[in-house]
Asker: 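Sharing a structure here in structure tokens format.
Note that ligands are numbered from 1 as they come in the structure, with each ligand's atoms numbered from 1 the same way.
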Amino acid sequence: MRIAVIGTGYVGLVSGACFSEFGVEVVCVDKDADKIARLERGEMPIYEPGLDQLVANNVRAGRLSFSTSLKPAVEGADAVFIAVGTPSRRGDGHADLSYVFAAAEEIAHAIAGYTVIVTKSTVPVGTGRKVAEIVAKARPDLEIGRDFDVVSNPEFLREGSAIGDFMRPDRVVIGTMPEAERARSAMKELYRPLFLLETPVVITGLETSELIKYAANSFLAAKITFINEIADLCEVVGADVQEVAKGIGLDGRIGKKFLHAGPGYGGSCFPKDCLALVKTARDSGTPVSIIETVVQVNDSRKRAMAERIEAALGGSVAGKRIAVLGLTFKPNTDDMRDAPSLDIVPALVEKGATVRAFDPEGMGEAKKLLTGIEYAEDAYSALAGADALAILTEWNEFRALDWSHVARQMAGRVVVDLRNIYQPEQVAAAGFSYHSIGRAAARPAPQLKAVAGGAAA
Ligand SMILES: NC(=O)c1ccc[n+]([C@@H]2O[C@H](COP(=O)([O-])OP(=O)(O)OC[C@H]3O[C@@H](n4cnc5c(N)ncnc54)[C@H](O)[C@@H]3O)[C@@H](O)[C@H]2O)c1
């Protein structure tokens with residue numbers, strides 16, 4: 001089979017590369033000429049583990065190519081995947097569908113022979129039907145069912161483990177109009193390698209499929225927000241949120257995942273998808289008040305994180321040097337969209353702190369978004385002369401810091417770990433005052449402080 005993927009971002013590029021690995025002939029199209037030029041040179045425009053190798057192998061095998069021209073890619077395709085961005089619209093927070101609709105119109109003009117148009121972008125209920133209308137209006141000579149069909153096939157991959165998630169997903173969701181048997185067969189054929197692995201496939205209607213994606217992301221955002229609020233309660237009543245999470249997560253009905261307390265969810269999906277679901281539900285006259293609360297709690301939580309750092313430093317960060325480790329919204333990605341750091345770091349600067357930050361992959365993007373701070377070459381140089389260390393993202397390389405080296409680098413002895421990647425006693429034993437989420441703060445024992453704290457203890 002041959003497909004075109006419109007939009008070569010985190011989802012389009014990974015999906016295109018993975019489909020080509022399945023043996024499908026894929027052209028990945030993007031309007032961003034620079035992105036396509038880099039891909040043609042063998043450079044990855046995003047950081048995603050394993051992607052460079054997967055792309056290189058499939059380009060070499062002649063199954064994967066890149067282009068800025070949509071028309072030739074669509075003309076020869078059995079299916080066209082729309083994988084463009086659907087960010088929050090300014091003003092009302094609903095999904096901005098302008099990129100999806102523009103792509104649909106361009107696809108319409110390029111269709112030559114029966115084509116399945118697939119929305120892989122996360123799109124609100126009703127978008128698939130709207131895409132069908134756009135195509136029919138742009139090309140009155142085309143007939144739905146005979147010349148094209150529209151299918152919803154939301155993507156559930158996670159940045160940082162995107163290839164594994166695409167190749168071995170928990171499920172594939174395919175939503176079609178009831179009469180679209182031809183489109184369903186084409187989709188099954190494309191996903192045949194996953195059928196062979198006995199991946200659950202949910203074949204359903206267009207609207208249901210569109211809603212599944214929003215319901216899934218909002219549910220996960222609610223789960224994170226739930227444990228975050230329990231974490232705050234733990235701090236006040238002297239409980240340990242990690243143990244509460246373990247205690248509830250072992251219940252099969254609850255499950256262990258997404259029960260890690262932290263600074264609030266961020267990223268390119270949860271914030272915008274929760275907002276879009278809220279808008280869809282309100283517009284439909286059936287508000288999802290639970291998700292409205294999740295959005296509001298999470299927003300204020302991210303803002304409040306700077307105050308935690310302030311409190312750990314005795315009530316003020318003015319004139320203090322703060323080392324920040326981790327800027328991306330999660331590890332193993334360079335994606336900075338809606339990262340908690342974008343709330344926390346500017347608030348610290350505004351309160352008079354000097355921030356020196358390091359992130360293994362996110363600094364290129366961070367430099368565009370976070371100005372007025374210093375960027376370090378590595379984790380230890382970010383710590384030089386710092387009064388406090390704040391860990392914002394749980395990159396593996398921050399999980400095993402050499403605390404005696406940290407102590408030699410820092411001027412102060414305050415650690416604020418917003419990802420709970422250390423055991424409080426371990427950091428306190430090294431001479432630091434350690435503050436995390438949902439657990440009691442740990443202070444260094446005076447005699448240990450003198451030994452492990454070095455000159456500044
Ligand atoms: N990033 C994720 O982890 C993730 C996971 C699941 C679903 N999604 C959804 O997938 C969609 C894409 O997300 P993303 O993170 O890959 O976005 P992205 O911003 O990384 O990539 C979108 C790409 O589309 C291109 N584009 C826009 N309009 C175009 C057009 N008319 N023709 C050709 N190219 C065009 C842009 O230049 C950009 O490169 C969104 O709806 C998102 O919600 C994202």
Asker: Apply the side-chain contact (heavy atoms from CB on, under 4.5 Å) test between L13 and each candidate in L51, D30, L64; give the one that qualifies.
Answerer: L51
Asker: Closer than 4.0 angstrom, basic N to acidic O: yes or no for R192 and E189?
Answerer: yes
Asker: Between N153 and L190, does the side chain to side chain contact (heavy atoms under 4.5 Å, CB included) criterion hold? Intermediate values first, please.
Answerer: CA-CA 12 Å; N153 173 221; L190 273 172; over 6 Å; no
Asker: If I compare all heavy atoms of I36 with all of V29, which pair ends up nearest, and what's the gap?
Answerer: CD1-C, 4.4 Å
Asker: Between ligand 1 and the protein, find all N/O pairs closer than 3.5 Å and give the distance for each.
Answerer:
residue: ligand 1; atom: 1 (N); partner: E159; partner atom: OE2; Å: 2.8
residue: ligand 1; atom: 1 (N); partner: S268; partner atom: OG; Å: 3.3
residue: ligand 1; atom: 3 (O); partner: E159; partner atom: OE2; Å: 3.3
residue: ligand 1; atom: 15 (O); partner: R337; partner atom: NH2; Å: 2.8
residue: ligand 1; atom: 16 (O); partner: Y10; partner atom: N; Å: 3.0
residue: ligand 1; atom: 16 (O); partner: V11; partner atom: N; Å: 2.8
residue: ligand 1; atom: 19 (O); partner: R337; partner atom: NH1; Å: 3.4
residue: ligand 1; atom: 20 (O); partner: Y10; partner atom: N; Å: 3.3
residue: ligand 1; atom: 34 (N); partner: K31; partner atom: N; Å: 3.3
residue: ligand 1; atom: 37 (O); partner: D30; partner atom: OD1; Å: 2.6
residue: ligand 1; atom: 39 (O); partner: D30; partner atom: OD1; Å: 3.3
residue: ligand 1; atom: 39 (O); partner: D30; partner atom: OD2; Å: 2.6
residue: ligand 1; atom: 39 (O); partner: K35; partner atom: NZ; Å: 2.6
residue: ligand 1; atom: 41 (O); partner: T86; partner atom: OG1; Å: 2.5
residue: ligand 1; atom: 41 (O); partner: T122; partner atom: N; Å: 2.9
residue: ligand 1; atom: 43 (O); partner: T122; partner atom: OG1; Å: 3.3
residue: ligand 1; atom: 43 (O); partner: K272; partner atom: NZ; Å: 2.6

Asker: For V84 versus S121, what's the shortest heavy-atom pair and its separation?
Answerer: O-OG, 2.6 Å
Asker: Should the pair D283-K279 be classified as a salt bridge under the 4.0 Å nitrogen-to-oxygen rule?
Answerer: yes
